[in-house]
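Both backbone and side-chain heavy atoms feed into the values below; hydrogens, waters and symmetry mates do not. Naming: A, B, ... by sequence-line order, numbering from 1 per chain.
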Amino acid sequence: MNETLFMVTDQPILIEDVVRKVVRPEAGAVAVFVGTVREFTNGKRTLFLQYEAYTTMAEKMLERIAQEIKERWPEAKTAITHRIGKLDISDVAVVIAVSTPHRKDAYEANQYAIERIKQIVPIWKKEYWEDGTQWIGNQLETKEYPDGKPKEEDLA
Amino acid sequence: MNETLFMVTDQPILIEDVVRKVVRPEAGAVAVFVGTVREFTNGKRTLFLQYEAYTTMAEKMLERIAQEIKERWPEAKTAITHRIGKLDISDVAVVIAVSTPHRKDAYEANQYAIERIKQIVPIWKKEYWEDGTQWIGNQLETKEYPDGKPKEEDLA
Amino acid sequence: MITLLFFASLKEAVGNGQMSIEYEPITIEQLKRQIEVKYGVNLQNVMVAVNEEYAQENQRLQPGDVIAFIPPVSGG
Amino acid sequence: MITLLFFASLKEAVGNGQMSIEYEPITIEQLKRQIEVKYGVNLQNVMVAVNEEYAQENQRLQPGDVIAFIPPVSGG
């Protein structure tokens, strides 16, 4: 059953499906993060995105993140689906659902998951603008690397 | 359009519907809280719940919470649906969706919303156990008032 | 006329969710005392909403007001 | 044989997402130098996964390894 908790898919994500995987009688709270494609980043208009993944490893890393969450919040159950391929503005790129008996843990664990996804999960996005394209290079989405070469200090 | 952002309903809630109301091109993050019916609270087994609302006022209070969020996080958009009537274990009681351009705000505003719901929105739940029933009396779900009369210090 | 609304545990204690009473120029605090005496309930920590807005105890009733007695809420 | 995988910007720079090379008992660091020279890319800040696990630069290749070159990720 566990294999479906962590998915990389080229199909649209149904939020309901991801949430349902973590709902259970002992958990009263599910914190969900839905990442959508934003039209403007630093004033620049995105037309659409292309996501690429090292799919098998990406699913493994999503599962590792869930294990890390389990170590920190033992009562948490996590499910994550990330979409790849061409995504239009407002399309759902990622859904993270974390259920816990009490809500504070769910929020915290969910934030932990999205931060870790941006650090260790081998998925990349390419922005398509009116005047060109670019692979987005670092994990925190604040910089671009036209040649895909981040500075050492960005990988700390 | 705004009137549908804040709903009290006796029908099952579709998470997708609530999220869709706040997805927009300028927002890349939607934090969602899904409150479900927990089976055990302090070791006691709940069979099912009955939620009752002062519906018209409850929807007004949900809208007020969204206004408060707007004051603190001006770029946030909020939608909240709360279900009433009989709910079984694991049924969805409330869905709160907050979209923002950046995710930290979405999580914070969402947590603010659930805390405020438990303070000011006129909705009540009655627990049904194997050996009786009880209206749950205070906003933080940590105490019960067999006669519906909380102590003064609990309302601070 | 004044409309009174009771919810949850209060509704069960009073035996009725809604009733009408004659208008009197009294405060919410005074109204609460009347209800407490008449129905044997304790409204000390019950909030009151007038026309769907939380109100202060010293607010005076107006003809046509809808007065809701709101025990501590437990939604979410 | 060793399988090499390139992704995103690196895939475009190398011109290929996957290739096979003869096994040699070298370290990842040495392999990176070879790739840099051959394809004119900079792998200084590129992480390497061996068989789908992140690996240290001093790890030595084993026959059959799948080596993935992972530029800074940007999922989420």
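Enclosure of atom NZ in B:Lys70 by more than 12 non-hydrogen atoms of other residues, nucleotides or ligands within 6.0 angstrom is indicated. Atom CD of B:Glu75 sits in a sparse spot, with 12 or fewer heavy atoms from other residues, nucleotides or ligands closer than 6.0 Å.
Listed options B:Ala106, B:Ala27, B:Gly35 were ranked by heavy-atom pairs under 4.5 angstrom with chain A; first place goes to B:Ala27.
Distance NZ/B:Lys104 to CD/A:Gln111: 8.0 Å, rounded to 0.5 Å.
The two atoms that bring B:Arg38 and A:Pro101 nearest to each other are NH1-O, 2.8 Å, heavy atoms only. Of all non-hydrogen atoms in A:Ser90 and B:Pro25, the two that sit nearest each other are OG-N, 3.6 Å.
Proximity to chain A (any heavy atom under 4.5 Å) is restricted, for B:Val37, to the backbone atoms N, CA, C and O. For B:Ala29, the parts sitting under 4.5 Å from any heavy atom of chain A are the backbone and the side chain alike. Heavy atoms closer than 4.5 Å to chain A are found in both the backbone and the side chain of B:Ile15. For B:Glu26, the part lying near chain A is the backbone, with the side chain staying farther off; criterion is any non-hydrogen pair under 4.5 Å.
Of the residues A:Leu14, A:Val92, A:Val34, the one that meets the side chain to side chain contact (heavy atoms under 4.5 Å, CB included) test with B:Glu16 is A:Leu14.
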